[in-house]
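Throughout, protein chains are lettered first and strands after them, A, B, ... in sequence-line order, and every chain is numbered starting at 1. Heavy atoms only: backbone and side chains are in, while hydrogens, waters and symmetry mates are out.
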2 protein chains.
Amino acid sequence: MRLRDENKRFAIREKALEMIVKDGFDGLSMHKLAKAAGVSPATIYIYFKDREDLILQLYFEESIRMSDATLKNFDPEMHFEEGLRVQWLNRAAYCLQHPQRMYFMEQMRHSPLHDKFREFGTPFVVAMKTFVSNAIRRKELVPLPVEVYWSIAFAPLYQLVKFHMGGKGMPGTGNFELSEPLIDQTLELVLKALKP
Amino acid sequence: MRLRDENKRFAIREKALEMIVKDGFDGLSMHKLAKAAGVSPATIYIYFKDREDLILQLYFEESIRMSDATLKNFDPEMHFEEGLRVQWLNRAAYCLQHPQRMYFMEQMRHSPLHDKFREFGTPFVVAMKTFVSNAIRRKELVPLPVEVYWSIAFAPLYQLVKFHMGGKGMPGTGNFELSEPLIDQTLELVLKALKP
DNA sequence: CAAAAATAAACGAACGTTCTTTTATTTAAA
DNA sequence: TTTAAATAAAAGAACGTTCGTTTATTTTTG
């Protein structure tokens with residue numbers, strides 16, 4: 001029996017991500033991917049059922065990697081302000097350190113392929129829900145639906161990251177670099193909105 | 001001389017948008033598009049230079065349509081709270097009335113194709129900048145960089161729209177429908193963050 | 001040796017685009 | 001007012017290429 005070479009799987013995975021980030025899903029062809037990963041086209045089909053399965057597995061693994069990074073040093077029992085700050089810093093750090101992975105995720109999330117993905121993430125979602133209901137119970141956070149909370153709490157951060165990654169802010173505004181003071185400034189405003 | 005049939009151009013345009021929304025950029029093939037639009041493949045190349053040009057023109061026209069809708073009943077000289085409210089209602093109405101066009105725009109914005117697009121939008125951007133600097137001068141808005149302003153002011157709205165369009169809110173939360181009270185509630189929090 | 005990994009080669013289908021021809025419409029001479 | 005030249009739109013078939021995937025075979029390793 002010959003064992004699978006996980007390095008090969010990894011190479012396929014990483015090159016696929018690179019290609020998607022560079023040229024979109026359009027740009028991901030199995031032939032080109034095989035060449036880039038130093039592997040025969042048929043080999044890809046040992047590790048992945050087909051092209052769609054490859055993309056979906058990629059997305060699944062990146063989702064886990066991302067939510068792990070998000071929950072670092074985070075505890076749902078934390079006080080609201082502290083917990084939100086930890087999450088902001090975690091998310092910002094991950095985005096800035098792994099712009100490619102981030103861009104892949106965003107591309108995936110906004111593509112029809114995303115619908116074929118079975119949402120998982122129970123541990124992550126559970127942690128978030130606990131955190132929010134704790135905060136409301138302690139009157140550290142105004143009571144609101146989870147979606148409204150999420151919109152106010154995190155959408156601004158990701159929008160800043162998009163400005164940063166696009167290399168430019170508002171069209172015509174020139175370059176925009178996301179710095180720690182800028183993150184702090186925005187977080188303060190978000191807290192102002194969310195705290196009673 | 002035979003005149004161009006603008007109905008044909010329109011049919012190609014609309015079907016292309018539908019196909020992209022349904023199956024992503026991957027799903028847009030010139031043959032299938034021609035068939036869907038009731039036209040010969042060669043005809044497409046009379047109206048558009050090539051596949052990429054078709055997508056880029058589509059994006060350009062949708063951008064204009066969207067910013068026009070956004071600026072309806074809006075005047076940069078408005079007071080901050082009123083102006084922001086008008087924009088929120090305009091944007092929300094457009095998103096809810098044209099979910100397909102909205103989804104196309106979001107898909108485009110998060111794809112590598114977006115980089116090949118030359119930003120235009122001067123009238124729109126000028127109006128927004130005037131509005132913001134007016135608001136700051138009148139002390140109706142805390143002073144902050146445009147990108148930070150934008151992140152707080154509009155990212156939450158678009159996140160709500162995404163929840164709404166995805167048919168579900170937070171993963172595992174079940175369905176989420178964007179209603180006017182919900183929009184108002186979120187806008188109030190945004191205003192709380194932005195007003196001095 | 002057995003069994004799975006890995007490959008090269010090949011498959012038909014589909015791709016984006018172009019070539020050639022036909023059709024529709026305008027222009028202007030008769 | 002008729003008719004024919006001129007022109008661009010439109011169509012259909014075809015181009016060579018590349019696509020995703022599979023088959024037949026060889027290589028590697030437990």
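Whole-Å rounding puts the A:Leu33 CG to D:dT18 C1' distance at 15 Å. The distance between atom CD1 of B:Ile46 and atom C1' of D:dA10, rounded to the nearest whole Å, is 5 Å. With rounding to whole Å, B:Ile44 atom CD1 is found 16 Å from D:dA13 atom P. One atom, CD1 of B:Ile12, and another, P of D:dA10, lie 8 Å apart when rounded to the nearest Å. Whole-Å rounding puts the A:Phe25 CZ to D:dC19 C1' distance at 18 Å. For A:Arg2 and D:dT29, the CZ to C1' distance is 7 Å, given to the nearest whole Å.
A:Tyr47 comes within 4.0 angstrom of sugar-phosphate atoms only, judged by non-hydrogen atoms across all strands, and of no base.
Checked by atom type, the side-chain pair A:His79/A:Glu140 shows a donor-acceptor distance below 3.5 Å. For the residue pair B:Tyr47/B:Arg13, the side-chain donor-acceptor check at 3.5 Å is not satisfied.
Proximity of the aromatic rings of B:Tyr103 and A:His110 is defined here by a centroid distance below 6.0 angstrom, and this criterion is not met.
B:Ser151 places a side-chain N or O within donor-acceptor distance of the main-chain N or O of B:Glu147, the cut-off being under 3.5 Å.
For B:Lys8 and D:dA10, the shortest distance from a side-chain N or O to OP1 or OP2 is below 4.0 Å. Distances shown here put a side-chain N or O of A:Thr43 below 4.0 Å from the OP1 or OP2 atom of C:dT7. A close approach under 4.0 Å does occur between a side-chain nitrogen or oxygen of B:Arg4 and OP1 or OP2 of D:dA9.
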**Fill in**
Once base and sugar-phosphate atoms are separated, protein heavy atoms under 4.0 Å mark nucleotides 11-21 of chain C, 5' to 3', with B, S and - as ----SBBBB--

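Side-chain contact between A:Met165 and A:Glu106 is absent, with no heavy-atom pair separated by less than 4.5 Å.
Aromatic ring orientation, B:Phe124 versus B:Trp150: perpendicular (interplanar angle above 60°, classes split at 30° and 60°).
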Using atom types as modelled, flag every donor-acceptor pair under 3.5 Å from a side chain in residues 187-196 of chain A to any protein atom, sequence neighbours excluded.
{"unit_1": "A:Glu188", "atom_1": "OE2", "unit_2": "A:Arg85", "atom_2": "NH2", "d": "2.6"}
{"unit_1": "A:Lys192", "atom_1": "NZ", "unit_2": "B:Ala193", "atom_2": "O", "d": "3.1"}
{"unit_1": "A:Lys192", "atom_1": "NZ", "unit_2": "B:Lys195", "atom_2": "O", "d": "2.8"}
{"unit_1": "A:Lys195", "atom_1": "NZ", "unit_2": "A:Glu81", "atom_2": "OE1", "d": "2.7"}

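Along DNA chain D, the nucleotide closest to B:Gly38 and the one closest to A:Met1 are compared, and the more 5′ of them pairs with B:Gly38.
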